[in-house]
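Input: a single structure, listed below in structure tokens.
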2 protein chains.
Amino acid sequence: MSTSPPVGLRERKREQTSQAIHIAAAELVLEHGLDAVTIDAISERADVSTRTFFNYFPSKEDAVLGIDEVAASAELDKPRDYAGDPFLAAFDLIHALFEASGAQRTKSELKRDVLRKYPHLMVRQMVRVAALEDRLSEIVARWLASDERFAAETEADRLEEARIILGVCLATVRMSMKKWASDTSQTGGPLSADPRTSYERSITTLRTVLEKLK
Amino acid sequence: MSTSPPVGLRERKREQTSQAIHIAAAELVLEHGLDAVTIDAISERADVSTRTFFNYFPSKEDAVLGIDEVAASAELDKPRDYAGDPFLAAFDLIHALFEASGAQRTKSELKRDVLRKYPHLMVRQMVRVAALEDRLSEIVARWLASDERFAAETEADRLEEARIILGVCLATVRMSMKKWASDTSQTGGPLSADPRTSYERSITTLRTVLEKLK
DNA sequence: CGCATAGTTGCACGTCGTGCAAGAATTAAT
DNA sequence: ATTAATTCTTGCACGACGTGCAACTATGCG
């Protein structure tokens, strides 16, 4: 969102190449199927060498989804504001992680089409989040620590609570993505469809279940 | 657990080979590190051809963990009893999935050592479960349908509730496994450490959080 | 014993992913 | 403008992964 120098040529080119590879990958997969597409083919259409492909993405699937792991990691370091509801805040955080794919905001129809055709790629997204679980629960735990309602508890308790909260959010996000993938009319990112709504539904559901079991 | 014929020689040999490969894999990984071990090396120690390795496990990691996908899938088809608590039942179900590794009950120290050394393999376990999510939530939803407290709801509502319940359970299992992996004294399977205890802790935690947010 | 079935093995082939070093492009400095 | 430093691209070589196929071997069964 901000760069001291006026965005050098190098940086622009890098972004451009990354985009080209991502789009080439997604298009080819939609045309010929995930397994039929090789990294050679993607590289050829994107006009880079095979070797360069691996300078941008570690695998075919990452390229297809346009995953930018460093952007995602950077997202975690950004200060995020906590408005008093850990579920909602965690939901937003996960949302941000999913969207962390460089600058491209366009072309997300491509992404959705791919995800609809190959749902197991969604699992891959979840894995990414799961891999960051330690850092995520750390962040949530810190929110709790700053919350007067939880400040009195022990560090360990808050960590445990954080993990549970994340578990619930992940389940919610998963449902949210499934709906998004099967919806044909929606625009924007996978989760842009009003996180607040999905979130509230889930929490209500959860409360209902717990209530009935009491 | 049961076979009509007196367990033919073939079946025994198969189990034996599977074990040999699994153990060879785990031992080698502990000795030389995950990346340093090749499938060739595993096959050699297990006294089978490389080609045979792939007749038993689709990948190195699966061999290291001794994952038996057909056993896991079969586990889902078994009728399971539902005693009125969907969380506990779901927890047990996931537990069964993790343990679905053929017949070997011994040698689980090996598995724990490996998991302790390479925590990302735990993520892989979670992925397996996530991949089965549709079938799992179906099962949980059916439990709810048979439960008078949930019988009045719509099918769709129960499915959503099922997914949330699973999300909570997964988060709990994850914590449970982390503890198990870092505990040096425990024996038995990864989750054998009294599922009920972990479960109750989690539910209590969850109730607490929701209570404070009310 | 002899047939049917299931499991093992070697071979060939294509894909994946990485280290390395030479060369080209961008940037910064003089 | 020229040069020097940095970064990026590319080709090459290499090992590992994973699968289809066909020949061979072992087990099960009548």
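Quick note: numbers below take in every heavy atom, side chains included, and nothing from hydrogens, waters or symmetry partners. A, B, ... follow the sequence lines: proteins, then strands. Residue 1 opens every chain.
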Between P of dG17(C) and CD1 of Ile21(A), the distance in whole Å = 14 Å

So ring-ring contact (aromatic ring centres under 6.0 Å, His included) across residues 43-77 of chain B, not counting sequence neighbours, yields none

Can you check the Arg14(A) CZ to dA25(C) P distance for me, whole Å?
-> 17 Å

Please test Arg163(B) against Asp134(B) for side-chain contact (heavy atoms from CB on, under 4.5 Å), starting from the C-alpha separation and ending with a verdict.
-> CA-CA 9 Å; Arg163(B) 288 184 197 275; Asp134(B) 281 343; 3.4 Å; yes

Pairwise salt bridge (Lys or Arg N to Asp or Glu O under 4.0 Å) hits with a residue in residues 79-91 of chain B, at least two apart | Glu75(B)-Arg80(B)

Where does the chain B footprint on DNA chain D start and end, counting 5' to 3' with a 4.0 Å heavy-atom cut-off?
-> dA16(D) to dG28(D)

Kindly write out the residues that satisfy side chain to side chain contact (heavy atoms under 4.5 Å, CB included) with Glu31(B), not counting sequence neighbours, or none if the list is empty.
-> Glu27(B), Leu28(B), Arg45(B)

Residues two or more places apart in sequence or in another chain: which of them pass salt bridge (charged side-chain N to carboxylate O under 4.0 Å, His left out) with Asp35(B)?
-> none

Mind calculating the distance between NZ (Lys60(B)) and C1' (dC16(C)) to the nearest angstrom?
-> 13 Å

Contacts of type salt bridge (charged side-chain N to carboxylate O under 4.0 Å, His left out), residue Glu44(B), not counting sequence neighbours | none

For Tyr82(A), enumerate each residue passing the ring pair (Phe, Tyr, Trp, His ring centres under 6.0 Å) test, keeping only those at least two apart in sequence or located in another chain.
-> Trp143(A)

Stretch residues 39-50 of chain B: residues that reach within less than 4.0 Å of DNA chain C through a heavy atom | Val48(B), Ser49(B)

Is there a side-chain polar atom (N or O) of Tyr56(B) under 4.0 Å from OP1 or OP2 of dT8(C)?
-> yes

Can Thr205(A) and Ser202(A) be counted as having a side-chain donor-acceptor contact under 3.5 angstrom?
-> no

For Thr52(B), report the nucleic acid contact type (base, sugar-phosphate, nothing); a contact means any heavy atom under 4.0 Å.
-> base

Only counting residues at least two apart or in another chain, list the ones meeting side chain to side chain contact (heavy atoms under 4.5 Å, CB included) with Ser73(B).
-> Arg135(B)

In chain order, what residues pass the salt bridge (charged side-chain N to carboxylate O under 4.0 Å, His left out) check against Arg14(A), with sequence neighbours excluded?
-> none

Protein-nucleic acid N or O pairs under 3.5 Å, nucleotides 2-4 of chain C:
none

Roughly how many Å is it from CD in Gln16(B) to C1' in dT8(C), rounded to a whole number?
-> 15 Å

Salt bridge (charged side-chain N to carboxylate O under 4.0 Å, His left out) against Arg116(B), all qualifying residues, sequence neighbours excluded | Asp113(B)

